[in-house]
Amino acid sequence: MPNSNKTYISELKNNVGGEVTLSGWLYQARSSGKIQFLIVRDGTGLCQCVVEKGKIANELFEQLKHLGQESSLTITGTVRAEERSVGGYELAVTGAEIISPAVDYPITPKSHGIDFLLKNRHLHLRSQRQWCIGKIRHTVIDAIRRFFNDNGFTLIDTPIFTAAAGEEEQTLFEADYFGTPMYLTQTGQLHLEAAAMSFGKVYCFGPTFRAEKSKTRRHLTEFWMVEPEVAFIDLAGLLELAENFVSFIVTHVLQNNKGELETLGADIDTLEKTKPPFYRLTYTEAVDILTGRKTQDFLAEQLKELQSQKQQTESKIAELEKQQAGQLKQWQRDKIAAELIELRADLAETNTKIENNPKHAKLAAEFQWGKDLGGSDETIISQMHDKPVFVTHYPKKAKAFYMKTDRDNDKVVLNFDLLAPAGFGEIIGGSAREDDYDLLVKRIAEYGLDVENYLWYLDLRKYGSVPHGGFGLGVERTIAWLTGEKHIRQCIAFPRMMDKVYI
RNA sequence: UCCCCGAUAGCUCAACUGGUAGAGCGAGCGGCUGUUAACCGCUAGGUUGUAGGUUCGAGUCCUACUCGGGGAGCCA
C-alpha cells in the first residue's frame, strides 16, 4: 500500500493535487483497452477512478479489469478536478488493493422490476437513488428534532404497547401480552396530552402501526410519525406551528441535500416556495370548491392535457415502431426497445389517469357536506395549489372523539389536515383537543367507546384543564413529497406493506 | 374487500390472426487510451408460474389456483 492519506469521497474537493486513498465498493466499470474508468462508492458519494495501463502494475491492471460490480477495494491516486466526472473530481489511480471480490452481483446497471428490487432490498440500498433518499430522510429527521428541541419542546417517549385505541379499532395490530391482548400504537397522542400538562410543549417521535387494508402508494403498515402537543394553544396557533415546522424541514433539506434532490429529479423550484404562510381553507370552502365550477373546469383542463399527452406518447411509440421495422444495427434496435418499454409504461399511467378523471369529477361534484374528504378530493385540492394547504373545521361526525367541538358551530371540530402541493396529499393531521370534561364524556359515549378505558384521559380535564392541541406528521409521506418519489415504500429502508414484508 | 393488468433465460423485455422460443444487460473470452446505463466480436444460458382442458399442434385459446403490479375505499 502506498503511503497516503485515507479519505472520503466527500472530502476530495479539499485534496486536489494530493494523493489519497479511498475505501469503497466498485459501483460501475467501463474499460477501453488501455484505460479503465472505475466508479467507486464509499458511502459519502461516487468517484470516477481512472486507471491507465503503465501507471500501475500490469497484473493489478488485469485484476481490476475483471473485478465484479460491488467488489470492495481500497484505491489510491491523485485527485484532480474534472468536469466530465461524477461529482466534478476524479482519481488518477496509482495503486489499489482488492479487499473482497464480488461475483455475479444481482442488481445490474439496467432496469429492474419493483418486486425484484424489494426482494433484494438489502442490496438495493446501495443504489444511487436509495442512497439519496436515505440521506434526505436523515436530514428530515434531524430537522424535526432540531426544530422542536430549539423551540422549547421536551421529548416524551410514548409507549408502543397500548391498551386502548387512539384511532380506529379495526386497524390495530394485536399482540399477545402474557395472555392479554395489547395493541401496537397508532399514535402517542393520548399519552402525550398527559405529558403536555406537565411540560407544556412536548413531542414524541417513533414508529406507528396501522393494520389498514390499504394497498396504495401512500400507505405503509409501519411508518414513522412525529407528534407535537402543546398546552395553551388554539387552532390558529397550531396552524402557525405546523407551517413553521414544515418550512423548517424543507429549508433544511434544501440546504443540506441539493445534490441529492437534483439526482432524484425533485421539483426544487416548488420546494423553494414552501414558506409561511400556507394556504388556509375551511372544510366547507373546500367542499364548495370541489362541487363548484372551478373543479369541473380544472379537471376538464387536466383531461385535455392528459389526452394530448396520450396522443404525443402514442405518436412517439408509432414512430419508434416504424423505425424498428427498418434496417438497424442491433444496438439501435435495443435502444428503441428500451424506449418503447418506458413509453408504454407512461402511456398506461396516462390511461389510468384519463380513466380516473371523470370518476374523480363525479365524486367531487356529488360530494356531500359531512363526509370525510376522499383521496381523490384531497389530490384535486392539492393539485390546485403550489404551496401546502391547510383544510380546517371538518364535520364532527367524520372525525375522532377527542377533537374539540367548535364553540361557534357545533357541527364541526377544530381540526386541520395539511395537504402537500401538486397532488401529494395529506402529510399532517391535527386538532385542538376537547378540553371540557362533560363534552368529552358525551363524545366518548357517542362513539360507543367504554368510558372506563378513558378515566385517566378524562382526569386531564378534571385537574386543571387547558386549551391544548397538536398534530402528527408522517415522515415517509413528507419524504415522498420532498423527493418526488412516487411510492412511499421507497422512503423507508425496509418497508412493511399490507400483505407483504420482504426482508 | 372490490375492479383492471401481468407472469417467457439470473435481470428487463420480444415472439403477426395457435405452427415448435429471440434480443439486450449481466456472466465468460477477445478487441479498443476519455468512457458517462460506453462500444464491437464470439461463447454459455429456457419442460414459457402451477394444475387441468380444447386442438393434428398451445408461450399464444378456456378454467381454477399461486404470486406480482396498478387503481378504489380508509388514512399519516
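Here the structure is a predicted model, which means the values were calculated and not measured. Lettering follows sequence order; numbering is per chain, from 1.
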When you check the gap from the basic side-chain N to the acidic O, do Glu70(A) and Arg41(A) get nearer than 4.0 Å?
yes
How close or far is atom P of rG70(B) from atom NZ of Lys500(A), stated in whole angstroms?
13 Å
Using side chain to side chain donor-acceptor pair (under 3.5 Å) as the criterion, point out the one residue from Asp417(A), Asn415(A), Thr282(A) that pairs with Tyr394(A).
Asp417(A)
Is the ring centre of Tyr105(A) under 5.5 Å from the base ring centre of rG26(B), and are the two planes under 30° apart, so that they stack?
no
Starting from the 5' end of RNA chain B, give me the residue, Met498(A) or Asp417(A), whose nearest nucleotide shows up first.
Met498(A)
Listed in order of residue number, which residues of residues 44-52 of chain A have a non-hydrogen atom at under 4.0 Å from RNA chain B?
Gln48(A), Glu52(A)
In short, His393(A) meets Tyr283(A) closest at the heavy-atom pair O-CB, 3.2 Å
Bracket notation of RNA chain B in which parentheses pair within the strand, [ ] cross earlier pairs, and | pairs with another strand (Watson-Crick or G-U, under 3.5 Å)
(((((((..((((.....[..)))).(((((.......))))).....(((((..]....))))))))))))....
Regarding Glu227(A), tell me which of base, sugar-phosphate or nothing describes its non-hydrogen contacts under 4.0 Å with the strands shown.
nothing
Tell me what Leu220(A) touches on the nucleic acid: a base, only sugar-phosphate, or nothing, going by heavy atoms under 4.0 Å.
base
Contact nearer the 5' end of RNA chain B, comparing Gly33(A) with Phe116(A):
Phe116(A)
Under 4.0 Å between any heavy atoms, over every strand shown, what does Thr208(A) touch: base, sugar-phosphate, or nothing? Just pick one.
nothing
Is it true that Glu260(A) and Arg137(A) make a salt bridge, defined as a side-chain N closer than 4.0 Å to a carboxylate O?
no
Under 4.0 Å, counting only non-hydrogen atoms across every strand here, what does Thr478(A) touch: a base, just sugar-phosphate, or nothing?
nothing
Does the pair Arg129(A)/Glu485(A) count as a salt bridge with the N-to-O cut at 4.0 Å?
yes
Can you see if the side chain of Arg218(A) gets near the phosphate of rA72(B) - specifically, an N or O under 4.0 Å from OP1 or OP2?
no
Charged N to carboxylate O under 4.0 angstrom, Glu90(A) versus Arg80(A)?
yes
Distance criterion of 3.5 Å, no angle test: do you see the side chain of Glu212(A) paired donor-to-acceptor with the base of rG73(B)?
no
